[in-house]
Amino acid sequence: MEPTPLVLAGARGHGRWHLENIRRLTAQGLVRLAGVCELTPLTAEELGDGLAGPGISTPGTPAPAPAPAPEQSADLADLVTRTGARIAIICTPIHTHADLALAAAGRGAHLLLEKPPTPSYAEFTRMTEGLDRLGTACQIGFQSLGSHALTAIRKLISDGAIGEVTGIGAAGAWARDEDYYTRARWAGHRSLDGRDVIDGVLTNPLAHAVATALRIDGADRAEDITSIELELFRANDIEADDTSCVRLRTAGNTTGTDTTTITVAATLCAEQPGEPYVLIHGDRGRITFWYKLDRVLLERPGHEPETTDHPRTDLLENLVAHLRDGTELLVPPHRTGAFMRVVEAIRTAPDPVRLPADAWRTEPGIGAAPSAKRRTVPGIDRLVAAGAERLALYSELRAPWAAPPAEVPHT
């Protein structure tokens with residue numbers, strides 16, 4: 001088959017990861033980068049080599065004709081039309097997702113849409129209903145949901161390896177320099193120019209922890225959530241949250257229980273940043289899943305710990321396979337409805353509580369710049385781990401700065 005032509009909207013920042021992935025799949029003959037949508041065109045150095053592909057076969061030619069260099073434009077809809085792209089990858093600011101997705105779909109492109117899908121449930125509904133009317137295939141970019149470890153974990157659960165599931169915790173202790181929040185106008189905002197953004201730790205940097213826990217529980221659709229409790233805090237000088245926790249109760253799950261408690265504790269102010277993980281508690285053992293590493297640890301009394309590593313299906317490859325032969329999409333929008341319920345709860349919650357000055361400190365940053373600085377919250381690494389271990393909120397763990405908001409729980 002000919003390589004599938006695609007366009008990339010948003011090729012800087014995280015978009016550079018997509019460029020490298022496109023380069024990899026171009027070398028395999030699966031895709032061809034037909035266009036790049038950026039307000040400022042990429043330089044030749046930014047674009048790099050290996051994106052034109054081996055060429056396009058034409059009738060009567062003994063060898064493929066050279067593939068053209070990707071077109072560049074600031075108008076995504078026009079770019080899709082001019083290039084004939086079958087796929088549009090959208091890696092743009094959160095508050096632009098719905099409009100760009102519908103614009104590209106309206107010109108015939110199917111979608112790989114970065115997470116979070118939208119900053120509000122109303123926008124999510126508007127977008128998904130529009131895509132359904134157009135018959136557009138859409139993959140949401142939760143890359144961890146392509147991990148084959150998820151199938152292995154569900155089999156361990158169904159086989160009774162850890163007994164009855166008693167809850168699921170997730171922990172993410174990351175660090176971000178202060179300039180992380182100045183990299184773009186929308187970074188660290190709850191809203192911008194009258195539009196929702198909701199760029200908080202649970203909705204963007206560590207959104208995978210929430211989505212992965214929900215997928216393991218088999219409760220990833222909107223109707224699977226029965227209650228939501230939130231505690232949102234910020235140490236950095238931003239609008240959004242950087243240190244937060246959420247506790248969900250779900251129904252309709254596949255873990256063998258009537259309801260599951262899921263607690264996710266996360267921060268971007270870690271003292272010693274580590275790999276985020278999901279912890280599945282059972283009455284006869286537990287499973288730890290480091291979702292960025294595709295690594296699973298099974299621990300049971302009377303058994304040696306068992307560690308296994310698993311492959312992962314790339315979401316763009318999965319989308320191409322879906323368009324070519326009907327392979328089932330791994331992350332269609334409706335399988336992120338429960339996650340969007342969490343986004344909506346955060347959007348409608350009171351503004352995050354500013355941590356007092358004595359609750360955080362400034363340290364050298366983790367970036368390359370000698371002047372880089374970051375804010376850390378002493379003791380937060382332990383609190384994040386304890387939240388996942390005990391399925392507890394920060395206030396229940398007696399964090400001195402974590403008096404729960406009066407509006408909790410949000411349902």
query = Between Asp242 (side chain) and Ala235 (backbone), is there a donor-acceptor pair under 3.5 Å?
reply = yes
request  = Mind checking the OG1-CG spacing from Thr92 to Leu100? Nearest 0.5 Å is all I need.
outcome  = 4.5 Å
message = Does Cys269 form a side chain to side chain contact (heavy atoms under 4.5 Å, CB included) with Asn236? I'd like the steps, not just the answer.
response = CA-CA 9 Å; Cys269 302; Asn236 283 278; 3.7 Å; yes
request  = Measure across Pro5 and Gly84 and return the closest heavy-atom pair with its distance rounded to 0.1 Å.
outcome  = CG-O, 3.8 Å
query = So which pairs with a foot in residues 360-397 pass ring pair (Phe, Tyr, Trp, His ring centres under 6.0 Å), sequence neighbours left out?
reply = Tyr394-Trp401
inquiry  = So Trp290 and Leu297, do their side chains get closer than 4.5 Å, heavy atoms only?
reply    = yes
remark   = Between Ile168 and the options Thr261, Val278, Thr250, Val264, the side-chain contact (heavy atoms from CB on, under 4.5 Å) test singles out Val278
When the side chains of residues 205-213 are checked against the rest of the protein, which donor-acceptor pairs come out under 3.5 Å, sequence neighbours left out?
residue	atom	partner	partner atom	Å
His208	NE2	Gln143	N	3.2
Thr212	OG1	Ser144	OG	2.7
Thr212	OG1	His208	O	2.6

message = Test your reading of the model: is there a side-chain donor-acceptor pair from Asp314 to the backbone of Leu316, 3.5 Å cut-off?
response = yes
task = Heavy atoms only: give me the nearest Leu131-Ala101 pair and the separation to one decimal.
result = CD2-O, 4.2 Å
Note, Glu239 side chain near Asp351 side chain (heavy atom, < 4.5 Å) = no
ask   = Taking NZ, NE, NH1 and NH2 as the nitrogens, is one of them in Arg126 or Glu123 under 4.0 Å from a carboxylate oxygen of the other?
value = yes
key: Nearest heavy-atom neighbours spanning Ile366 and Ala175   = CD1-O, 3.3 Å
query = What's the verdict on side chain to side chain contact (heavy atoms under 4.5 Å, CB included) for Leu6 and Val320, showing C-alpha distance, side-chain angles and the deciding distance?
reply = CA-CA 10 Å; Leu6 58 80; Val320 171; 5.9 Å; no
key: Value rounded to 0.5 Å, distance of OG1 in Thr267 from CG in Asp241   = 10.0 Å
ask   = Counting distance only, does the side-chain N/O of Arg190 pair as donor-acceptor with the main-chain N or O of Ile346 below 3.5 Å?
value = yes
request  = Using a strict 4.0 Å threshold on nitrogen-to-oxygen distance, state whether Arg361 and Glu271 make a salt bridge.
outcome  = yes
query = Shortest non-hydrogen contact from Ala265 to Gly387?
reply = CB-CA, 4.4 Å
task = Could you name each residue pair satisfying side-chain hydrogen bond (donor to acceptor under 3.5 Å, both in side chains) that touches residues 165-178, not counting sequence neighbours?
result = Glu178-Arg375
request  = State, with a plain yes or no, whether a side-chain heavy atom of His189 is found less than 4.5 Å away from one of Asp199.
outcome  = no
note = Rounded to the nearest 0.5 angstrom, the OH-OG1 distance for Tyr277 and Thr288 is 7.5 Å
Side-chain heavy-atom pair Thr182, Asp179 within 4.5 angstrom cut-off = yes
ask   = So, Arg247 and Glu231, do they make that salt bridge, N to O below 4.0 Å?
value = no
task = Report yes or no: does Asp294 contribute a side-chain atom to a donor-acceptor pair with the main-chain N or O of Ser147 at less than 3.5 Å?
result = no
ask   = Could you state the interatomic distance from CG (Leu319) to CG (Leu113), rounded to the nearest 0.5 Å?
value = 11.5 Å
Val343 and Pro119, any side-chain heavy atoms less than 4.5 Å apart = no
query = Got a donor-acceptor contact below 3.5 angstrom from the Gln139 side chain to the Val331 backbone?
reply = yes
ask   = Do Asn318 and Thr313 meet the criterion of a side-chain donor-acceptor pair at a distance under 3.5 Å?
value = no
task = Mind checking ring-ring contact (aromatic ring centres under 6.0 Å, His included) for Tyr121 and listing every partner two or more places apart, or none if nothing turns up?
result = Phe124
request  = Output yes when a side-chain donor or acceptor of Arg374 lies under 3.5 Å from a complementary backbone atom of Ala270, and no otherwise.
outcome  = yes
key: Flag if over 12 foreign heavy atoms under 6.0 Å of CD, Gln28   = yes
note = Sequence neighbours excluded, the answer for side chain to side chain donor-acceptor pair (under 3.5 Å) partners of Arg86 is none
inquiry  = Could you check whether any side-chain N or O of Arg341 sits under 3.5 Å from a backbone N or O of Ala222, counting only pairs where one atom can act as donor and the other as acceptor?
reply    = yes
query = According to the ring pair (Phe, Tyr, Trp, His ring centres under 6.0 Å) rule, which pairs have a member within residues 309-335, sequence neighbours left out?
reply = none
request  = Verify, without hydrogens or angle tests, whether Thr336 (side chain) and Phe339 (backbone) share a donor-acceptor contact under 3.5 angstrom.
outcome  = no
message = Using modelled atom types and a 3.5 Å cut-off, is there a donor and acceptor pairing between side-chain atoms of His18 and backbone atoms of Ala11?
response = no
key: From CA spacing to verdict: side chain to side chain contact (heavy atoms under 4.5 Å, CB included), Arg390, His281   = CA-CA 10 Å; Arg390 296 169 52 184; His281 300 274; over 6 Å; no
inquiry  = Counting C-beta onward and ignoring hydrogens, is there a side-chain heavy-atom pair between Val7 and Ile89 closer than 4.5 Å?
reply    = no
inquiry  = How close do Asn204 and Pro116 get, counting heavy atoms only, and between which atoms?
reply    = OD1-CD, 3.9 Å
request  = Ignoring hydrogens and angles, state whether a donor on the side chain of Thr81 or Arg107 is under 3.5 Å from an acceptor on the partner side chain.
outcome  = yes
message = I'd like to check Glu344 versus Ser120 (side-chain heavy atoms, cut-off strictly below 4.5 Å). Are they in contact?
response = yes
inquiry  = I need the Leu248 CG to Ile225 CD1 distance, nearest 0.5 Å.
reply    = 5.0 Å
query = Is the side chain of Arg335 donor-acceptor paired with the backbone N or O of Pro332 at a distance under 3.5 Å, no angle test?
reply = no
task = Could you tell me which non-hydrogen atom of Thr83 sits nearest to which non-hydrogen atom of Ala34, and how far apart they are?
result = CG2-O, 3.5 Å
Steps toward salt bridge (Lys or Arg N to Asp or Glu O under 4.0 Å) verdict (Glu46, Arg16) = CA-CA 9 Å; Glu46 287 177 306; Arg16 288 192 288 267; 5.8 Å; no
task = Inspect the surroundings of CZ in Arg185 and state if more than 12 heavy atoms from other residues, nucleotides or ligands are less than 6.0 Å away.
result = no
query = Between Arg354 and Asp237, is there a salt bridge with N-O shorter than 4.0 Å?
reply = yes
Euclidean distance, Ile153 CD1 relative to Phe289 CZ, rounded to 0.5 Å = 5.0 Å
query = Side chains of His95 and Asp196: does their closest heavy-atom pair fall under 4.5 Å?
reply = no
task = Give the C-alpha distance, both sets of side-chain angles, the deciding distance and a yes or no for side chain to side chain contact (heavy atoms under 4.5 Å, CB included) between Leu145 and Leu150.
result = CA-CA 7 Å; Leu145 302 187; Leu150 296 175; 4.0 Å; yes
